Amino acid sequence: MSGRGGPSDDGEGRDGEHDEVRGVPRIPGPRGAADDLPPEAYRPPPPPGPRGTRERGPAPGGGSAAASPAAADAPEADIPAPEAAIPDGTQGAAAGTGEPPGADPADHAPAADPAPAAPSHGVLKSLLGAWALSACSAEETAAVEEHLGECAPCADEALRLRDAVGLLHTDRDLDLDPLLRFQVLENCLVRRPARIPVPVWADAYDAETARLDALLRDIGRSDWDAPVRLKWFEGERQVDRRTTVGGVIAHLMGVDGLVAAALGLQDPLGAEAPRQPALRTEAAWDLGAGSGPRVRKPWREQSHALIRTVSFAGGGVAELPVSYGSFALPLRDSLLDRAFECWIHADDIADAVDYPYPAPGGAHLHRMIDLAARLLPAALAERRRAGLAGPPRQLVSAGSPGRSLHLEIEGSGGGHWYIALDSPAAVGSADHSVAQVALDGVEFCRLVAGHVSPQEAAAGHDGDREAVREVLFAAAGLSRI
């Protein structure tokens, strides 16, 4: 495209008054500093179209373009003028780009930045740990949580990580609940039926030996030498004997050997061992059976053997007598007595090593209390023979109701029992009740074990004071080492 002059050829157009190309001044206005220009001003101009190419022809007036001063000072037509010097944005754009008026500037606008691609599954999975710790940025958190709504495996993993992070809190105790093992054992015994069921009269012994074994597994090696004080009543006073945790287990194993011998199993102390529990305990300690944790295994194997034997034997052995030297009990009551002593001595061990140990369940506790209540009339008669209680006041024929004490046991395993006061052959009766004693179930068991005195146990009573005293002391007299 050639330059155009004014209406005449005498150089009038060189004044600059009419020196324009399509309405754009040939001489641009003042430019600002480079720092003042907007960023888009730095982009290179688009290549000129056919009409933006300037032809080198003769200058107006017969001179060449190079010889014309005005032409020499004027910029090339294909160099766009600054936007500030373009009065009409549409015309300026057309003139600067070499496009005809009306062309769409968006055709030559710089391409917009493409939208960022969504993170891949692998990237989002690698962010789950940081997400669980709340260490992701806002954008990463949004991307991860959107992904969790669509990907089940990652959602499961995120839940596990969040639970794990919860264990890292310093204000939370990481130790397991000491009662957890007992709860699991109790659930297993309730939910899992045995192929050969344990007789009902033996399940208390099975449960208490399992609970004690769980305690022994939890304590440390040094705890086996912790001092334990065994307590019981003799006559009118409480006595005790100092031993260790291992000594307590040796004592239990020695007395359980009486039940083993009655069932034809091997006596851990030998065939010539004495029958009295106190003498058997001394024999077990003399053999060194109570030194350290090695006694746990033979004791536990013996308890398993007892349960296994009575389970296979069925109900026919329930009345088999078990001799304790000065007295005997049927096997059903003997195993209940051994369950009671296992619990009491396990509680002694728990106190020595500072370990929580709950009382037996209500059903088992009720049977233990019932056994003690059934033994009280004979214990009263024994105290009279020893001169520790007054003579009977009202003798009746065997099987007839006689003077009685109402024993009311409260709490778990509680109930009502009527204790014959004057003869073991008499029958307790509510109509012949002359006194009443109310005790908590666990407190009554501690009295029977000789761990509390009769004076401490008499929390609530009414009626004949002498009858109350005799029954409480007889209950304490049931205890032994």
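Everything numeric in this text was worked out from a predicted model, so none of it was measured.
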Trp343 and Phe340 aromatic ring geometry - parallel, tilted or perpendicular at 30°/60° bounds
perpendicular
I'd like to check Leu407 versus Val471 (side-chain heavy atoms, cut-off strictly below 4.5 Å). Are they in contact?
no
Going by heavy atoms in the side chains, are Leu128 and His147 under 4.5 Å from each other?
no
CA sep, side-chain torsions, deciding dist, call: Arg338, Ser303, side-chain contact (heavy atoms from CB on, under 4.5 Å)
CA-CA 10 Å; Arg338 303 312 305 145; Ser303 65; over 6 Å; no
Side chains of Arg308 and Ser311: do they bring a donor and an acceptor to under 3.5 Å?
no
Would you call Arg229-Asp351 a salt bridge at under 4.0 Å N-O?
no
Given side chains that start at C-beta, do those of Leu375 and Asp333 come closer than 4.5 Å, heavy atoms only?
no
Taking every heavy atom of Gly257 against every heavy atom of Gln302, the minimum-distance pair comes out as CA-OE1, 3.9 Å
Do you know the tightest heavy-atom contact between Gly413 and His366?
O-ND1, 3.2 Å
Roughly how far, to the nearest 0.5 Å, is the CG atom of Leu421 from the OG atom of Ser404?
6.0 Å
Which pair of non-hydrogen atoms, one from Ile369 and one from Gly441, has the smallest distance, and what is that distance?
CD1-CA, 3.9 Å
Where do Ser429 and Tyr418 land on the side-chain contact (heavy atoms from CB on, under 4.5 Å) test, with the steps shown first?
CA-CA 6 Å; Ser429 169; Tyr418 292 90; 5.9 Å; no
So is Arg162 actually on top of Trp131's ring, under 6.0 Å and inside 45° of the axis?
yes
Heavy-atom distance under 4.5 Å between the side chains of His432 and Arg403, does that happen here?
no
Got a second to check how far Cys342's SG is from Leu212's CG, nearest 0.5 Å?
4.5 Å
side-chain contact (heavy atoms from CB on, under 4.5 Å) between Lys125 and Glu157, worked out
CA-CA 9 Å; Lys125 185 176 181 180; Glu157 180 68 15; 5.6 Å; no
For Gln276 versus Gly325, what's the shortest heavy-atom pair and its separation?
NE2-CA, 4.2 Å
Polar side-chain atom of Asp422 near backbone of Arg393 as donor-acceptor pair, under 3.5 Å
yes
Can you tell me if Gln394 uses its side chain to pair, donor with acceptor, with the backbone of Gly402 under 3.5 Å?
no
Pair Glu236, Arg383 - check salt bridge (charged side-chain N to carboxylate O under 4.0 Å, His left out), show working.
CA-CA 10 Å; Glu236 298 287 317; Arg383 284 180 57 82; 2.7 Å; yes
Indicate yes or no: at least one non-hydrogen side-chain atom of Val310 is less than 4.5 angstrom from one of Tyr205.
no
Ser423 (side chain) donor-acceptor with Leu395 (main chain) under 3.5 angstrom:
no
Separation between CG of Asp213 and CZ of Arg296, rounded to the nearest 0.5 Å:
4.5 Å
Minimum side-chain heavy-atom gap Asp370-Trp417 below 4.5 Å
yes
From Asp337 CG over to Met368 CE, what is the distance, rounded to the nearest 0.5 angstrom?
9.5 Å
State whether a side-chain donor-acceptor pair under 3.5 Å links His451 with Asp348.
yes
May I ask you to say whether Asp156 pairs ionically with Arg160, meaning some side-chain N is under 4.0 Å from a carboxylate O?
no
For Trp201 and Arg367, work out which heavy atoms get closest and say how close.
CA-NH1, 3.9 Å
Closer than 3.5 angstrom, by distance alone: can the side chain of Thr141 be matched with the main-chain N or O of Ser137 as a donor-acceptor pair?
yes
Spacing of SG belonging to Cys136 relative to CG belonging to Leu124, to within rounding of 0.5 Å:
9.5 Å
Any side-chain heavy atom of Leu215 within less than 4.5 Å of one from Ile349?
yes
Side-chain donor or acceptor of Thr209 paired with backbone N/O of Ala207 under 3.5 Å
no
Under 3.5 Å, is there a donor on one side chain and an acceptor on the other for His251 and Thr281?
yes
Taking the basic N atoms (NZ, or NE/NH1/NH2) and the acidic carboxylate oxygens, is any pair closer than 4.0 Å for Arg280 and Asp256?
no
Indicate yes or no: does Arg446 engage Asp440 in a salt bridge with an N to O separation below 4.0 Å.
no
Would you say the side-chain atoms of Arg211 pair up with the backbone N or O of Pro358, donor to acceptor, closer than 3.5 Å?
yes
Minimum heavy-atom separation for Leu335 to Ala202, with atom names?
CD1-CB, 3.8 Å
Determine, stepwise, if the pair Leu216 / Val245 fulfils side-chain contact (heavy atoms from CB on, under 4.5 Å).
CA-CA 9 Å; Leu216 297 176; Val245 172; 4.2 Å; yes
Would you check if Ile344 and Glu208 make a side-chain contact, meaning some heavy-atom pair closer than 4.5 Å?
no
